[in-house]
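Working notes, beginning with the structure itself.
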Amino acid sequence: MDKPVHKLFLLDAMALIYRAHFAFIKAPRITSKGLNTSAVFGFTNTLLEVLQKEKPTHLGVAFDTSAPTFRHVQFEAYKAQRQEQPEDITVAIPLVKRLLKAMCIPILELDGYEADDVIGTIAKEASREGFEVFMMTPDKDYGQLVEEHVYMYKPAFLGNSAEKLGVPEILAKWQIKRIDQVIDMLGLMGDAVDNIPGIPGVGEKTAQKLIEQYDTIENLITHADEIKGKLGEKIRENFDKAILSKQLATIDCQVPVPFDAEDLTMCGPNVDLVVELFDELEFKTLKQRVLGISATGQLSPVIARPGAPAKEKKGQLDLFGNPTEEVGKQPAIISEGIADDDAPEQAYEDLKIPTTRRKIDNTFHRYHTVDTPELMKSLAYYLGLQDAFCFDTETTSLDTIDAELVGLSFSYLAGEAFYIPVPADREKALEIVEHFRAVFENENIEKIGQNIKYDLLVLKNYGIEVHGKMSDTMLAHYLLEPDKRHGMDILAASYLNYEPVSITTLIGKKGVKQGTMRDVAIPEITQYAGEDADITFQLNEIFSKELPKVNASKLFYQVEMPLLKVLASMESTGVRLDINALREMSGVLEIDLRQTESEIYEAAGQSFNISSPKQLGEVLFEKMKLIEKPKKTKTGQYATGEDILSDLEANHVIARKILDYRELQKLKSTYVDALPLLVNRGTGRIHTSYNQAVAATGRLSSTNPNLQNIPIRTIRGREIRKAFVPDTDDFQILSADYSQIELRIMAAFSGDTSMTEAFNQGRDIHATTASKVFGVPLEEVTSDMRRKSKMVNFGIIYGISAFGLSQRLGIPRGEASEIIRAYFEEFPAVKGYMDRIVNNAREKEFVETILGRRRYLPDINSRNQTNRGYAERNAINAPIQGSAADMIKVAMINIHDWMAAEKLKSRMILQVHDELVFDAHRDEIDLLKERVDELMRNAIPMAVRMETGIGVGANWLEAH
DNA sequence: GCGACACC
DNA sequence: GGTGTCGC
């Protein structure tokens, strides 16, 4: 029994249109209105002919798109010769598409791919599924795609009848042994039509001889010196052109087009539309013919699906049987005539979670190595045409200051990326980077990246200042899901169902044995780096649509993105550290530490490791039995925290000494000894790294080292700040901090009149609070009352609980409750605000800051009291802490912009949540004081007056 | 991973 | 309430 034969015809629209146009060039068909219809006419004839004669069961017509492709990129060097597309053809294309839509014939096109790529991909897949495939084109390049069940179909032309070419015919035609040699032939001969250069002077005959003898271009090149005479010379001179030509001639059969036989059927022509078009084009005989065809039903039973409903696109499978993810996120793949014009766009969230995770091996991609000056120029040219591109740097180190560039990757189209290897030699590296300077510095091209600040800093070390709008996927996700993690691997998994190549498979596990990116072979690193850029590009497509949905676009593009550049600049500037001062301190601390240590041993009657909480607990509570019922931590150890030891101070001298020991130890190990090691050898300065995407409230954090927790509370601790010094004698340290920023925001949000008044009149807020809470006149407030009120004020911001306050103040729970009760009685608006925001959060399950930065609090409706309480405190604290963060971020951007515009010598060097620190040139100090104060106070207008305190000094301590 | 402690 | 680092 014969299986019914499925005959698939794939038409190369562009080639057929061109051929038709030139066929009639001497006697073009012109309508009465002057429209040249040669191309449409020729195409239509061919189409109808194939429908009638071949009766395909399935068909599709492929078009090129105007989006640039890599082949264009490679082409660029040769493109000069290419002629402009004739206007008649430009006009013909939409008419042909209209015809196809009217006939309900599937149109195949995909941005970034040419018709031959699309046809090649579908042809191979269809043949695997049992189709007989005919690729209808006059273009000889298609020979390379022919295989069992896949044929070239050359349409009838100028008296020649149509030709079907299978494998034997192609081999005979080219006089080659294998089909894959078609591209070697094309690579050698070149192809004038497609602007493939080939080797000059090599035509079909020579190419045949060479391929017969050497089999492939690659092998020919390795034996090029064996070839004598002019030919050998030509080959040796132009081998790169031959390789490039071979690449150019190769049709890509890995296009992300899902093959679905049902997509390649006709849904039934709309005769009215066809007739209307033919009337317009004045195709009289064709009109008769098409009416005849449809009237006799010759057309519809063959390939039509009469009355078949428009197929819904969801749940489509890709070539590998995996659901095509994020329908509507990728470029439209198949526009199936009219039927598909209104295919539903599906939101990401609605998709079922597929069970198989996509990886590089089972996902379409084109990652190219770009390693010649010509290709780099071409790529740069094409990057220059984009509105936006994604880029990523591969380096030898995570530390931006001494990271050496290993490579650059770019992507501006989902699924495609380019990797440029950069050599270790700095001169050569600079030469390569130079190709991309113009696109990086182009103000009008948006730059997309994952943690782009890192890449900006790396490029800065190669003299490139990246300009233009930024879009950082890490920060976008930070605004979308501030509590989640924002690593690329996690984002790829949750938004693209994709698992990127892990870095460990390339350079090994973390540790001394871990290699660097420099050691990875170029093909592997191309895949890895290309994937990074590609995935980031795709994530950005999703996030840029998600951000407006949560009203975060403004915050993203006007705060976080500009801030990223400010932070990059601060990090790269760094802070000067007085290492000698720290060395001296280290010596003193060491002596005191040894002294304290021996005193502790003496008091304890034994020596032990004081730094081990476990040993310390055993000594204090088992041997010395300082407390009857010692507290334990959740892991069962004795608790020896500061609060507990403080309580013991009265009992035994050892407690005080242990606290002293701890302080000295902390200062020495965390600051005095650690900081000098982090001074960069090159700059002689210390370069912290600001993380813009960790604190769920919107604050920054600082690492390597953390310069946001340099001691200030104790006398000995704050000495460390003396080591933070200005650049030269011409500079001083200037520090500007917001006074009570969070309490002021609380006052503004709650609208509490007495609190607002206190601020607006410049009164001592803690003393004022004390006078109200304890019911005494302001002048009778004691220092203890003020201290307690200060704690209450802090507690309010943190979403107070009586328990928390009693802990902080070291007072009984009852007393704490009483203070809170009194507080809320005096500041009823504050209580009202707290209740309001919690209720609001219960309903929406998120809270937001003044700039709309959200924090999601699903636990606010939890039945678990602990979790719910935590969420409630967050509901109160996050908008306040976060709004303060918003405010200083805006201030930083404005200050940075102003300083740049004024071309000041001074630099902003540190941010510590409510404080900005500057390395201030002496000539600019007065100006800075005035403008920084103004820009900080007015960053975001509020109902409550903002105030700053500004100080200047020879070091950070003196500046306070 | 935890406890302790530095900062806002 | 939010962080990061140290030493065990």
Side-chain angles (χ1 to χ4, degrees), chain A residues 482-483 608-618 631-646 658-675 677-678 688-714 716-718 720-721 735 737-743 745-746 790-791 793-801 804-805 807-808 834 837 847 849 855 857 869-885 888 910-917 956 960:
Chain A
D483 280 295
F608 61 98
N609 187 345
I610 307 165
S611 298
S612 162
K614 189 164 174 283
Q615 289 185 37
L616 177 65
E618 281 159 11
K631 268 200 194 151
K632 300 226 177 166
T633 65
K634 58 189 162 193
T635 51
Q637 278 187 49
Y638 296 110
T640 64
E642 193 182 44
D643 47 345
I644 293 180
L645 292 183
S646 298
I658 290 165
L659 286 171
D660 287 345
Y661 178 89
R662 285 220 177 124
E663 185 189 356
L664 299 173
Q665 179 67 35
K666 178 84 180 176
L667 294 178
K668 188 166 186 290
S669 66
T670 308
Y671 305 102
V672 178
D673 290 346
L675 288 176
L677 302 177
L678 290 159
T688 185
S689 163
Y690 288 102
N691 200 328
Q692 210 176 337
V694 275
T697 52
R699 272 192 184 174
L700 300 176
S701 81
S702 153
T703 52
N704 261 317
N706 181 354
L707 295 185
Q708 289 181 323
N709 72 346
I710 303 302
I712 194 165
R713 217 185 57 225
T714 66
R716 292 202 81 159
R718 64 195 306 167
I720 291 167
R721 295 194 169 217
S735 157
D737 68 325
Y738 280 109
S739 143
Q740 307 293 348
I741 185 172
E742 291 182 347
L743 266 187
I745 287 171
M746 178 83 207
K790 191 174 170 180
M791 285 322 264
N793 278 330
F794 275 109
I796 290 294
I797 294 164
Y798 298 156
I800 205 150
S801 69
L805 185 66
Q807 285 269 301
R808 281 169 179 274
M834 288 170 66
I837 196 137
V847 289
T849 67
R855 179 152 189 201
L857 301 166
Y870 185 73
E872 284 168 358
R873 288 193 288 283
N874 263 315
I876 295 164
N877 174 255
I880 297 172
Q881 191 183 117
S883 297
I888 197 167
L910 293 173
Q911 190 255 38
V912 193
H913 309 308
D914 65 355
E915 173 187 11
L916 296 175
V917 182
W956 195 5
H960 260 281

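Just so you know, these numbers use all the heavy atoms, side chains as well, and skip hydrogens, waters and symmetry mates.
For the pair A:Ser689 (side chain) and A:Asn704 (backbone), a donor-acceptor distance under 3.5 Å is absent.
Closest to the side chain of A:Gln665, from the set B:dG3, B:dC5, C:dG7, is C:dG7. Of the listed nucleotides (C:dT5, C:dG1, B:dC5), C:dT5 has the atom at the smallest distance from the side chain of A:Thr670. Picking from B:dC5, B:dA6, C:dC6 the nucleotide with the shortest atom distance to the side chain of A:Ser669 gives C:dC6. Here the side chain of A:Thr640 is nearest to one of B:dA4, C:dG1, B:dC8, namely B:dA4. Side-chain proximity of A:Thr633 to the nucleotides C:dG1, B:dC7, B:dA4 is greatest for B:dA4. The side chain of A:Arg662 lies closest to B:dA4, out of C:dG4, C:dG2, B:dA4. Nearest to the side chain of A:Leu659, among B:dA6, B:dC5, C:dC8, sits B:dC5. Nearest to the side chain of A:Thr635, among B:dC2, C:dG1, C:dT3, sits B:dC2. Considering only the side chain of A:Ser701, C:dG4 comes nearest among B:dC5, C:dG4, C:dG2. Among the nucleotides C:dG7, C:dT5, C:dC8, the one closest to any side-chain atom of A:Lys666 is C:dT5.
Using a 4.0 Å heavy-atom criterion, one finds that A:Lys634 contacts the sugar-phosphate atoms exclusively. Among the atoms of the strands shown, only primed sugar atoms or phosphate atoms (P, OP1, OP2) are found under 4.0 Å from some heavy atom of A:Ala696. Counting non-hydrogen atoms under 4.0 angstrom, A:Phe794 reaches nothing in the nucleic acid. Looking at heavy-atom distances under 4.0 Å, A:Gly641 makes contact with sugar-phosphate atoms alone, never a base. Within 4.0 Å (heavy atoms only), A:Ile876 reaches no atom of the nucleic acid at all. As judged by a 4.0 angstrom heavy-atom cut-off over every strand, A:Arg855 is placed among residues touching the sugar-phosphate backbone only. Backbone-only engagement by A:Asn609 is indicated by non-hydrogen atom pairs under 4.0 Å involving sugar-phosphate atoms exclusively. Backbone-only engagement by A:Glu642 is indicated by non-hydrogen atom pairs under 4.0 Å involving sugar-phosphate atoms exclusively. Within 4.0 Å (heavy atoms only), A:Ile710 reaches sugar-phosphate atoms of the nucleic acid but no base atom. Nucleic acid contact class of A:Ala639 (heavy atoms, under 4.0 Å, all strands): sugar-phosphate only.
Counting distance only, with no hydrogens placed and no angle test, the side-chain atoms of A:Gln881 and the base atoms of C:dG2 include no donor-acceptor pair under 3.5 Å. In the interface, the side chain of A:Arg699 is paired with the base of B:dC8 through a donor and an acceptor atom under 3.5 Å apart.
Remark: P of C:dG1 and CD of A:Glu872 are 12 Å apart, rounded to the nearest angstrom. Distance A:Phe608 CZ to C:dC8 C1': 14 Å, rounded to the nearest Å. Between A:Tyr671 atom OH and C:dT5 atom C1' there is a gap of 8 Å when expressed in whole angstrom units. Distance, A:Leu616 CG to C:dG7 C1': 13 Å, rounded to whole Å. B:dC2 atom P lies 20 Å from atom NZ of A:Lys631, rounded to whole Å. Taking atom CG on A:Leu667 and atom P on C:dT5, their separation rounds to 17 Å, with Å as the unit. Across the protein-nucleic acid pair, A:Leu700 atom CG and C:dG2 atom C1' stand 12 Å apart, rounded to whole Å. For the pair A:Glu915 CD and B:dC7 P, the interatomic distance rounds to 12 Å; values are reported in whole Å.
There is a side-chain donor-acceptor pair under 3.5 Å between A:Arg721 and A:His960. Using a 3.5 Å distance cut-off with no hydrogens or angles, the side chains of A:Gln665 and A:Ser611 do not pair a donor with an acceptor.
The residues A:Lys666 and A:Glu642 are annotated as not salt-bridged, no charged nitrogen and carboxylate oxygen being separated by less than 4.0 angstrom.
For A:Asn874, a side-chain nitrogen or oxygen approaches OP1 or OP2 of C:dG2 to under 4.0 Å. OP1 and OP2 of C:dG2 both lie 4.0 Å or more from every side-chain N or O belonging to A:Thr697. Side-chain nitrogen and oxygen atoms of A:Tyr870 include at least one within less than 4.0 Å of the OP1 or OP2 phosphate oxygen of C:dG2.
Closest non-hydrogen pair, A:Arg855 versus A:Ala878, comes out as CD-CB, 4.0 Å. The minimum heavy-atom distance linking A:Ile880 with A:Ile745 is given by the pair O-CD1, 4.1 Å.
Within the cation-pi definition used here (under 6.0 Å to the ring centroid, within 45° of the axis), A:Lys632 qualifies as a partner of A:Tyr638.
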